[in-house]
Undergrad: 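Can you read through this structure? Questions will come right after.
Note: hydrogens, waters and symmetry copies are ignored here, and every other heavy atom, side chains too, is used. Atoms within a ligand are numbered from 1 in the order they appear, just like the ligands themselves. Computed from a prediction, not measured in an experiment: that's the story for all the values here.
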Amino acid sequence: MPQARLIDGKAIAAALRSEIAAEVAGIRAASGKVPGLHVVLVGDDPASRVYVASKEKLAVEVGMNSVAHRLPAETTQAELLAKLAELNADDTVDGILVQLPLPKHLDTADVIDAIDPAKDVDGLHPLNAGRLAGGKIAPEQLLVPCTPLGSMLLLKSVLPALSGLEAVVIGRSELVGRPVAQLLLQADCTVTIAHSRTRDLASVVRRADIVVAAVGRPGFVRGEWIKPGATVIDVGINRLPDGKLTGDVAFAEAVEIAGAITPVPGGVGPMTIACLLRNTLTSFKARRGG
Ligand code: GUN
């Protein structure tokens, strides 16, 4: 059996970051300004600390002003909202990201609502989510959640013409499943959102030209569910007891059947931060006319 083409997210993300770096350098040369990305981390969840450190480092690498605000786990809702109000009011701040999950005593929805939608580089504010769902504005002009945006770029790298294709998204989260479904719809795919209550998931997946797996369960999507030649985007990043990372798709099975597939690690993962930087640049240009 021929093996599926591997979609190299690491290389595609690196290329996107160099394009962004070139654009930032041009803006700096012309105006002396650079986009500012501010990441807010509350508490000391180990995985979140690692993500925030990578965001900080890669933002510096593309020439942005990168600031991480590390707040103690016992930060109150009022203190966090005050920090966001300060960042909203600062004109040098183009992108604000509050790292999730927040400690349990904080109200995540109220925190996201408090971010200026023009600086919401996570694309999670209801105004940005609503604009995406409205379908009237080109996604390139919107602040779209980073992992869905990165998934679409990977998909388009192997399938330039998406119109009319059957897409099945597995998972309905606010962060991935719902926005990726909206982006596929905007690209004229026929979209099904499957989830934990979907009946006969295998047969739903079997009709898909495009499968996006975002369920958070290692190896959940089996190779025999996949239509031969389909493109598989695996959004899952699951840590196994032995410390290895693995996706939501049973890769060894799926690679024998799919036409193209993203590996884990090295697929969607690296795209998320690259798209965060892209959103920060988008926000800078919209706000400060760079
Ligand atoms: N935690 C895991 N993924 C994300 C993300 O995309 N945005 C935020 N804010 N937190 C996350």
Undergrad: Atom 8 (C) of ligand 1: which protein heavy atom is closest, and how many Å away?
TA: Asp122 OD2, 3.2 Å
Undergrad: Could you list which atoms of ligand 1 come closer than 4.0 Å to a heavy atom of Leu97?
TA: 9 (N)
Undergrad: Backbone or side chain, does any N or O of Gln99 fall under 3.5 Å from an N or O of ligand 1?
TA: yes
Undergrad: Hey, looking at atom 3 (N) of ligand 1, which of Leu175, Val52, Val98 has the closest heavy atom?
TA: Leu175
Undergrad: Thinking salt bridges, do Lys57 and Glu61 make one under a 4.0 Å N-O criterion?
TA: yes
Undergrad: Could you point out which residue of Lys33, His38, Arg288, Lys285 forms a side chain to side chain donor-acceptor pair (under 3.5 Å) with Asp94?
TA: Arg288
Undergrad: Please compare Thr108, Leu100, Leu102, Ile112 and report which has the shortest non-hydrogen distance to atom 10 (N) of ligand 1.
TA: Leu100
Undergrad: Would you call Asp91-Arg287 a salt bridge at under 4.0 Å N-O?
TA: yes
Undergrad: Measuring only between side-chain heavy atoms, which start at C-beta, is Pro148 closer than 4.5 Å to Cys275?
TA: no
Undergrad: Would you confirm whether Arg206, through its side chain, and Glu224, through its main-chain N or O, come within 3.5 Å as a donor-acceptor pair?
TA: yes
